[in-house]
Each structure stands twice: as structure tokens, then as C-alpha cells.
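Here, residue 1 is the first one in the sequence, and each next residue gets the next number.
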Amino acid sequence: HFWSLLQAAGMTPDELFAAYVGKNVLNFFRQDHGYKDGSYRKTWQGREDNEHLAELLGELDSRSPRYADELYGALAARYAQTAPEDRAPLDRAYSDAMKAAVEKFPDDADVQVMYAESLMDLMPWAYWTANGQASPETPALLTALETALKLNPDDIYSYNDMGVALHMMGRSDQAIVFYKKALELNPSYVQAYLNLGVATESYEDTIACYRKALEIDPNYAEAHNNL
């Protein structure tokens with residue numbers, strides 16, 4: 001049964017081992033770089049971390065006794081690199097790839113979130129036009145986030161991203177509900193505190209949100225700037 005599944009997936013035992021180790025290494029890498037508190041950047045140079053992982057799996061020798069360490073080091077090197085001046089072509093290519101992934105794996109909540117975030121990268125803070133019309137990519141963005149939340153109601157990134165989209169629509173009251181839900185799930189999610197501070201109309205509440213973010217991460221530049 002195992003071999004028939006492997007054959008159906010079009011994978012060799014070596015490829016299966018590399019993919020298994022790769023996913024585990026990426027999970028450790030995410031945890032080491034702020035995944036729990038929300039400071040981890042899932043997109044590097046316009047490409048999602050899973051895309052970098054897939055490329056590195058094809059470059060490294062999975063038979064090496066230090067394969068896991070080498071893969072972790074390669075991920076770290078890419079994560080630290082400076083983004084190119086014009087990342088638009090990379091962002092578009094990545095978003096197109098994620099759209100294909102969503103079509104292939106519609107029931108995968110992580111894929112839905114990654115697709116949504118790839119769309120956000122195409123139009124940062126411009127999901128709606130000045131006259132209140134949705135930008136071309138906005139309907140797909142909202143659909144992906146709604147689907148992700150149905151599939152995984154505990155995903156803090158989906159709640160935060162939905163809050164951002166609603167806030168940009170002028171629906172701040174609804175955005176606040178989503179930010180607070182993200183913080184209910186993860187009280188250390190500094191990005192949600194920052195966004196909540198932007199969305200709230202109370203000056204005192206805004207300052208309190210920024211200070212809470214800095215209490216969690218004293219080096220959080222955006223919170224310092226907003227104060």
C-alpha cells in the first residue's frame with residue numbers, strides 16, 4: 001500500500017525523505033524566527049518560504065549526514081538577504097504560482113492564506129480605490145481569507161489579514177473584531193496590536209496598543225514610529 005501511494009504521488013523514497021526532513025526543518029526555522037509571536041516574515045524577496053524550501057531541496061544532497069543542518073543554514077542565508085529594488089515581477093510570479101496551488105489544493109488552509117498574502121503583496125494598502133471600488137485582486141483576496149478561516153478557525157494570520165482588508169474598506173469596527181480574535185488566539189502577536197492601534201478611534205486605546213506591542217517587542221520599529 002505504501003509503495004502504491006508513493007508511486008501514485010510520483011515520488012521516489014529519496015524524494016519523500018527529503019520532503020519530510022525539509023518540512024520539519026522549515027517548521028523549526030519558523031519557530032526560531034518569530035512564528036509564535038507573529039514577527040516571522042513568510043515572504044522573502046517576494047517568494048514564500050515554502051517556495052525557497054522547494055528550490056533548496058532540489059539543490060542539496062539529502063544523503064549528506066548533515067542534510068538537515070545544511071538546509072537550515074541555506075534557509076537562514078536566504079532569509080537574511082536584502083530584497084531586490086523592484087520585486088513586482090517576483091511578486092506576480094509567486095502569486096500566480098500560489099493561485100495554481102489553490103486550484104490544486106483548495107482544502108488546504110495554509111495554501112489559501114499564502115495565496116491571500118501573495119495578493120496583498122501585489123497591492124500593498126491599495127485593496128480599494130478612492131471611490132470605494134475593489135481593486136482587481138481584492139475579491140480573490142477576500143475569498144481566500146474566508147476559505148482559510150473556514151478550514152482553520154484558529155489561524156492568527158488569517159484574522160489579521162482579514163482585519164487589514166476590512167480596515168482598508170473603511171469597516172474599522174469589523175476589522176477590530178478580527179484583530180482582537182487574532183490576539184485572543186495569540187496574546188503576543190505584535191502585528192495585530194499595531195493594526196488594532198491603527199484601526200481604533202480612541203487615542204488612549206491606540207497608544208495602549210502601541211505600548212503593548214513594545215512591551216512584547218521593545219525593538220518593534222513600527223510601534224516606535226507610530227508613537
Heavy-atom pair with the smallest gap, counting every atom of [X] and [Y]:
X	Y	answer
Pro187	Tyr193	O-CE1, 3.2 Å
Leu141	Ala165	CD2-CB, 4.4 Å
Asn152	Ala109	CB-CB, 3.7 Å
Ser158	Leu149	CB-CD2, 3.5 Å
Thr206	Gly197	OG1-O, 3.0 Å

Q. Same cluster for Met114 and Phe105 if Ile/Leu/Val/Met/Phe/Trp/Tyr side chains link at under 4.5 Å?
A. no
Q | Lys99 with Glu137: basic N within carboxylate O range, under 4.0 Å | A | no
**Q.** Cationic N near anionic O, under 4.0 Å, Glu204 to Arg211
**A.** no
Please tell me if the side chains of [X] and [Y] come closer than 4.5 Å, counting only heavy atoms from C-beta onward.
X	Y	result
Lys23	Asn27	yes
His167	Ile176	no
Leu196	Lys212	no
Leu145	Tyr159	no
Val113	Lys42	yes
Leu57	Val21	no
Glu222	Gln191	yes

Q) Does His224 use its side chain to pair, donor to acceptor, with the backbone of Pro218 at less than 3.5 Å? A) yes
Q. Is a side-chain donor or acceptor of Gln112 paired with a backbone partner of Val102 at a separation under 3.5 angstrom?
A. no
Q. Which pairs count as side chain to side chain donor-acceptor pair (under 3.5 Å) when at least one residue sits in residues 140-150, sequence neighbours excluded?
A. none
Q. So, Tyr72 versus Asp32: side-chain donor-acceptor pair below 3.5 Å or not?
A. yes
Q) Hey, would you say the Tyr179 and Tyr189 ring centroids sit under 6.0 Å apart? A) no
